[in-house]
Amino acid sequence: MLYSPCKLRHLQKDTDEKNTSREDDDTSAEDNTREGSFKKRKFLPKELKEKFACARPSGKQVKDFNHHITAELEKLAAAYKSKKDTWRALGYQKAISAIRNYPRPITSREEALSIRGVGGRLADKVAEIVESGKLRKVAEVCEDEEAQTLQRFMGVWGAGPTTAHGWYIQGYRTLEDLREKGNLTRHQQIGLKYYDDINSRIPREEVAEIENYVRSAAHGIKKGLIVMVCGSYRRGRATCGDVDVLVTHPDGQSHETVFQPLLNKLRETGFLTDDLVTQEDNGNQKKYLGVCKLPGEGQKYRRLDVIVVPYCEFAPAAMYFTGSAHFNR
DNA sequence: AGGCTGTACTG
DNA sequence: CAGTAC
DNA sequence: GCCT
């Protein structure tokens with residue numbers, strides 16, 4: 001995947017330093033500094049702007065007008081996933097993503113049904129939430145001990161539905177049980193160690209701090225390196241589950257030799273505290289998964305992904321890693 | 001009825 | 001190969 | 001779960 005002809009190079013002129021300035025606001029000025037062909041962007045029909053997230057100004061934080069709805073559906077999605085009902089969970093997840101991006105509060109079953117990814121069954125559920133504020137199905141599916149325990153166990157990084165079920169069968173119920181009696185893989189030991197931190201959301205301000213930290217380290221190794229956070233941060237979310245950092249270099253070559261030095265530098269300063277997957281090699285693109293912590297008191301441990309790509313793949317990679325996952329399909 | 005991305009790592 | 005994660 |  002990610003076949004990315006280097007022809008795309010001309011498309012990404014604005015990515016140098018300071019991507020923070022791009023996430024800001026969509027008022028005024030920004031328009032005329034872009035490519036001339038898009039000058040009339042502000043005149044896009046309203047329907048278009050509402051239908052396609054990519055047709056909306058990308059500044060501003062994304063508002064979730066339907067948080068009360070997605071929050072309920074998330075509970076069911078998590079429960080189904082824990083019960084290995086993978087595809088049902090996927091359907092939920094897709095619908096949740098679509099609803100989250102919907103630009104105004106949903107007020108009827110009909111309106112829900114008009115959203116791609118939301119079918120009759122989910123539209124019914126949306127309607128129930130709109131009317132009563134909650135879903136009876138949630139109590140039915142989520143509030144038994146097994147479901148709760150499975151979901152608790154799946155919060156351990158590296159433990160999925162099968163592992164969680166296995167632990168449940170063995171009689172384990174608490175994280176304490178896992179620590180004492182469970183035999184955990186290396187990943188799961190790390191996942192358990194930082195359970196609370198890893199499962200808490202990261203304020204986007206902190207994501208920006210992490211980005212700056214990584215960028216400084218990168219520039220200490222090679223000037224001109226581009227360091228950009230993708231994922232939910234770049235989609236404008238107020239909080240993020242982890243930090244996806246994309247690294248490249250405009251000279252088209254320096255990315256090849258920067259991966260190890262960068263990781264080593266981040267280790268020396270104590271920023272990287274644990275490695276999960278140290279070298280996923282996807283063609284010429286490399287990925288690191290680990291745990292980091294900003295310097296100073298009271299900082300939490302955060303999940304960090306670092307992806308290094310050749311410059312000619314920068315634009316498609318940025319899109320891919322910005323997601324969301326469902327947008328990519 | 002049948003697909004829902006494709007790939008790499010770990011054990 | 002199964003499980004997990006991206 | 002949804003979509004084709």
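Every chain is numbered from 1, with letters handed out A, B, ... down the list of sequences.
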If you look at every strand shown and take non-hydrogen atoms under 4.0 Å, does [X] touch a base, only sugar-phosphate, or nothing?
X         : answer
Leu122(A) : sugar-phosphate
Thr163(A) : sugar-phosphate
Asp244(A) : nothing
Gln93(A)  : nothing
Asp85(A)  : nothing
Ala77(A)  : nothing

[X] [atom1] to [N] [atom2]: how many Å, rounded?
X         : N       : atom1 : atom2 : value
Gln188(A) : dG11(B) : CD    : C1'   : 10 Å
Lys81(A)  : dT4(C)  : NZ    : P     : 9 Å
Asp281(A) : dA8(B)  : CG    : P     : 8 Å
Leu289(A) : dT4(C)  : CG    : C1'   : 11 Å
Leu135(A) : dG1(D)  : CG    : C1'   : 13 Å
Glu280(A) : dT10(B) : CD    : P     : 10 Å
Lys125(A) : dC2(D)  : NZ    : P     : 8 Å
Leu276(A) : dC6(C)  : CG    : C1'   : 12 Å

When you match Trp87(A) and Thr185(A) each to their closest nucleotide on DNA chain B, which lands nearer the 5' end? Trp87(A)

Side-chain donor-acceptor pair present, Tyr168(A), Glu145(A), cut-off under 3.5 Å: yes

Give a yes-or-no answer on whether the side chains of Thr239(A) and Arg201(A) include a donor-acceptor pair shorter than 3.5 Å. yes

Could you walk me through whether Tyr102(A) and Arg104(A) pass the side-chain hydrogen bond (donor to acceptor under 3.5 Å, both in side chains) test, one step at a time? CA-CA 6 Å; Tyr102(A) 193 70; Arg104(A) 58 183 173 274; 3.2 Å; yes

Using the P atom on both, measure dT4(D) against dT5(B) and round to a whole Å. 14 Å

Is [X] close enough to [N] that one of its side-chain N or O atoms is under 4.0 Å from OP1 or OP2 there?
X         : N      : answer
Tyr92(A)  : dC2(D) : no
Thr162(A) : dT4(C) : yes
Arg303(A) : dC6(C) : yes
Trp157(A) : dC6(C) : yes

Of all the choices, dA8(B), dC2(D), dG11(B), which nucleotide is nearest to the side chain of Arg121(A) once you look at every atom? dC2(D)

Of the listed nucleotides dT7(B), dG1(D), dC6(C), the one nearest the side chain of Asn282(A): dT7(B)

Flag, side chain of Ser216(A) to backbone of Asn212(A), donor-acceptor distance under 3.5 Å: yes

Do Arg204(A)'s NZ or CZ and the ring of Tyr233(A) fall within the cation-pi criteria of under 6.0 Å and 45°? yes

Students often mix this up, so state it plainly: with edges at 30° and 60°, are the rings of Trp167(A) and Phe153(A) parallel, tilted or perpendicular? perpendicular

